[in-house]
Amino acid sequence: MGRPYVFITRKLPDDIVAPLYDKYDVNMWPHEHLVVPRDVLLQEASRAEALITMLSDRIDEELLKQSPKLRVVANVAVGYDNIDVEAATKRGIIVCNTPDVLTETTADLTFALLLATARRLIEAAEFIKEGKWKSWSPLLLAGTDVHHKTIGIVGMGKIGQAVAHRAKGFHMRVLYYNRSRNMEAERTLGAMYCSFDELLEQADFVVCLAPLTNETYQLFNREAFMKMKRSAMFINAGRGAVVDEEALYDALINRHIAGAGLDVFAQEPIRSDHPLLQLPNVVALPHIGSATKETRYAMMQLCCRNVIAVLEGKKPYTPVQSQ
């Protein structure tokens with residue numbers, strides 16, 4: 001019998017994938033910044049026993065039913081809404097993700113995004129680069145305080161807890177809404193559980209870290225934004241489709257809310273001419289929540305370890321189906 005075939009949908013560092021090359025026949029899409037074309041992905045998956053995938057790769061019923069040898073899909077992300085987990089499970093295919101290794105890094109970025117939005121940091125940086133700074137003035141690029149304000153976290157998982165921990169360092173009051181109460185967050189961080197509506201009404205900063213599910217799809221709609229304070233800011237580092245972007249745009253231009261910081265979007269990459277990107281009170285980032293070298297390397301390594309474990313008949317380290 002030949003060695004198992006592994007397909008990797010994006011170019012990864014050679015030292016990361018070296019353990020796979022030692023054991024298996026491996027093919028890797030040769031581009032780091034270009035998505036593998038759908039026809040290539042379907043062709044490669046049809047003969048693969050393992051896939052290492054990105055959030056941009058759609059692993060759906062069509063692909064799975066054409067992949068009779070497939071045993072494991074390792075997604076380089078903590079989220080896996082790009083994968084039809086139910087269809088994979090029916091076929092005995094293990095789906096793995098990369099939890100925990102990106103928690104602190106994503107929390108850093110989330111809080112940095114909150115600070116940048118509140119203090120107008122991107123706007124200020126462009127202001128000085130464009131030669132607009134002529135003198136000091138009392139309200140030049142004045143933002144809003146973060147310290148001693150109320151943060152409302154929607155999605156109090158591990159990343160949510162890490163964000164709450166940072167918020168406590170700024171003496172913030174922490175509210176949260178989750179599908180179930182997080183007693184650890186309440187006990188260790190003093191976080192207060194409340195309804196979604198109560199959070200929207202009270203929070204100065206509404207931070208979305210919720211996964212994309214049928215229940216959370218466009219959770220942040222017109223009604224939700226209308227319930228927020230006019231001085232409030234919306235931060236999304238979860239999933240783009242949790243937000244009705246047209247409703248967010250309307251809320252911003254009509255001053256129903258004061259600003260938004262966005263690391264994720266309904267369609268990625270977002271168009272440069274998208275209406276949200278034209279607003280000065282929007283800080284937009286290209287989905288870089290976990291983008292540090294240390295963390296991305298750890299995510300890739302975990303995916304490789306999961307693939308090796310499954311192909312060797314062992315338990316994977318982070319299977320989605322057991323979560």
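All residue numbers refer to positions in the sequence shown, counting from 1. All heavy atoms count here, side chains included; hydrogens, waters and symmetry mates do not.
At least one donor-acceptor pair closer than 3.5 Å links the side chain of Lys134 to the backbone N or O of Gly131. Using modelled atom types, no side-chain atom of Ser67 and backbone atom of Leu70 make a donor-acceptor pair closer than 3.5 Å. The main-chain N or O of Val283 is never found under 3.5 Å from a side-chain atom of Glu123 such that the two would form a donor-acceptor pair. Side chain of Thr295 to backbone of Thr292: no donor-acceptor contact under 3.5 angstrom is found. Under a 3.5 Å cut-off, the side chain of Asn82 and the backbone N or O of Asp57 do form a donor-acceptor pair. In this structure, the side chain of Trp29 engages the main chain of Leu34 through a donor-acceptor pair within 3.5 Å. Under a 3.5 Å cut-off, the side chain of Asn178 and the backbone N or O of Asn182 do not form any donor-acceptor pair. With Thr98 contributing its side chain and Val76 its backbone, the two residues share no donor-acceptor pair below 3.5 Å.
Hydrophobic clustering (side-chain heavy atoms under 4.5 Å, transitive across Ile, Leu, Val, Met, Phe, Trp, Tyr) keeps Leu189 apart from Phe205. Cluster membership for Leu51 and Val40, using ILVMFWY side-chain heavy atoms within less than 4.5 angstrom, is shared. Cluster annotation: Leu276 and Ile253 are assigned to the same hydrophobic cluster (Ile/Leu/Val/Met/Phe/Trp/Tyr, side-chain heavy-atom contacts under 4.5 Å, transitive). Hydrophobic clustering of Ile, Leu, Val, Met, Phe, Trp and Tyr side chains at less than 4.5 Å, counting indirect connections, unites Phe265 with Leu279. Hydrophobic clustering places Tyr5 together with Ile59 (ILVMFWY residues linked when any side-chain heavy atoms are closer than 4.5 Å, directly or through intermediates).
Counting only heavy atoms from C-beta outward, the side chains of Asp39 and Leu42 never approach each other to under 4.5 Å. Under the 4.5 Å side-chain criterion, counting only non-hydrogen atoms from C-beta, Asn281 is not in contact with Thr117. Side-chain atoms of Arg222 and Glu246, non-hydrogen and from C-beta on, do get closer than 4.5 Å to each other. The shortest distance between side-chain heavy atoms of Cys96 and Pro316 falls below 4.5 Å. The closest side-chain heavy-atom distance from Leu285 to Leu262 is not below 4.5 Å. Side-chain contact between Met233 and Val206 is absent, with no heavy atoms from C-beta onward closer than 4.5 Å. A 4.5 Å side-chain heavy-atom check between Ile93 and Val73 finds at least one atom pair inside the cut-off. Contact of the Arg255 side chain with the Arg230 side chain is registered, since non-hydrogen atoms from C-beta on lie closer than 4.5 Å.
Taking the six-membered ring for Trp and the full ring otherwise, Phe196 and Phe220 have centroids separated by under 6.0 Å. The aromatic ring centres of Tyr193 and Tyr176 sit less than 6.0 Å apart. Ring centroid separation for the pair Phe111 and Phe170 comes in under the 6.0 Å cut-off.
Ion pairing between Arg10 and Glu32 fails under the 4.0 Å rule for side-chain N and carboxylate O. Ion pair Glu312/Lys23 flagged as a salt bridge, since at least one NZ, NE, NH1 or NH2 atom sits closer than 4.0 Å to an Asp/Glu carboxylate oxygen. Using a cut-off of 4.0 Å between Lys/Arg side-chain N and Asp/Glu carboxylate O, Arg71 and Glu49 are scored as salt-bridged. Between Arg38 and Asp60 there is a salt bridge, with a side-chain nitrogen of the basic residue lying less than 4.0 Å from a carboxylate oxygen of the acidic one. Using a 4.0 Å cut-off between a side-chain N of Lys or Arg and a carboxylate O of Asp or Glu, Arg166 and Glu104 qualify as a salt bridge. Between Glu61 and Arg91 there is a salt bridge, since at least one side-chain N of the basic residue sits less than 4.0 Å from a carboxylate O of the acidic one.
Using modelled atom types, one finds a donor on one side chain and an acceptor on the other under 3.5 Å when comparing Glu198 with Ser195. Between the side chains of Arg3 and Tyr24, no donor N or O sits under 3.5 Å from an acceptor N or O.
The neighbour count for Tyr21 OH, taken as heavy atoms of other residues, nucleotides or ligands under 6.0 Å away, is above 12. Within 6.0 Å of atom CZ in Arg119, 12 or fewer heavy atoms from other residues, nucleotides or ligands are found, so the atom counts as exposed in its surroundings. Surrounding NE2 of His274 are more than 12 heavy atoms belonging to other residues, nucleotides or ligands, all under 6.0 Å away. The local environment of CZ in Arg271 is crowded, with over 12 non-hydrogen atoms from other residues, nucleotides or ligands closer than 6.0 Å. By the 6.0 Å contact criterion, CD on Glu86 is open, its count of non-hydrogen atoms from other residues, nucleotides or ligands being 12 or less.
Applying the side-chain contact (heavy atoms from CB on, under 4.5 Å) test to His287 and every residue at least two apart in sequence or in another chain returns Leu55, Arg239, Asp263, Val264, Glu268.
For the atom pair CG (Asn306) and CD (Gln301), the distance works out to 12.5 Å, reported to the nearest 0.5 Å. To the nearest 0.5 Å, atoms CD1 (Ile128) and CD (Glu126) are separated by 11.0 Å. The CD atom of Glu201 sits 11.0 Å away from the CG atom of Leu175 when rounded to the nearest 0.5 Å.
Closest heavy-atom contact between Leu252 and Ala258: CD2-C, 4.4 Å. Taking each heavy atom of Asn236 and Cys208 in turn, the nearest pair found is OD1-O, 3.4 Å. The two residues Thr216 and Pro211 make their nearest non-hydrogen contact at OG1-O, 2.7 Å. Contact detail for Ala191 and Met156: the closest heavy-atom pair is CB-CE, 4.2 Å. Residue Ala88 comes nearest to Leu64 through the heavy atom pair N-CD1, 3.6 Å, listed as atom of the first residue, atom of the second, then distance. Shown here for Cys304 and Ile16, the closest heavy-atom pair between the two residues is SG-O, 3.8 Å.
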Can you give each donor-acceptor pair under 3.5 Å made by side-chain atoms of residues 138-154, sequence neighbours left out, with the distance rounded to 0.1 Å?
from: Thr144; atom 1: OG1; to: Lys149; atom 2: NZ; distance (Å): 3.2
from: Lys149; atom 1: NZ; to: Asp145; atom 2: O; distance (Å): 3.1

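Partner Phe7 forms a side-chain contact (heavy atoms from CB on, under 4.5 Å) with one of Thr53, Leu41, Val26, Asp25 and no other, that one being Leu41. With Val78 as reference, Asn97 is the one residue of Val320, Asn97, Val101 to meet the side-chain contact (heavy atoms from CB on, under 4.5 Å) rule.
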- Item | Residue pair Gln321, Thr89: steps toward the side-chain hydrogen bond (donor to acceptor under 3.5 Å, both in side chains) verdict | CA-CA 8 Å; Gln321 283 99 331; Thr89 304; 3.2 Å; yes

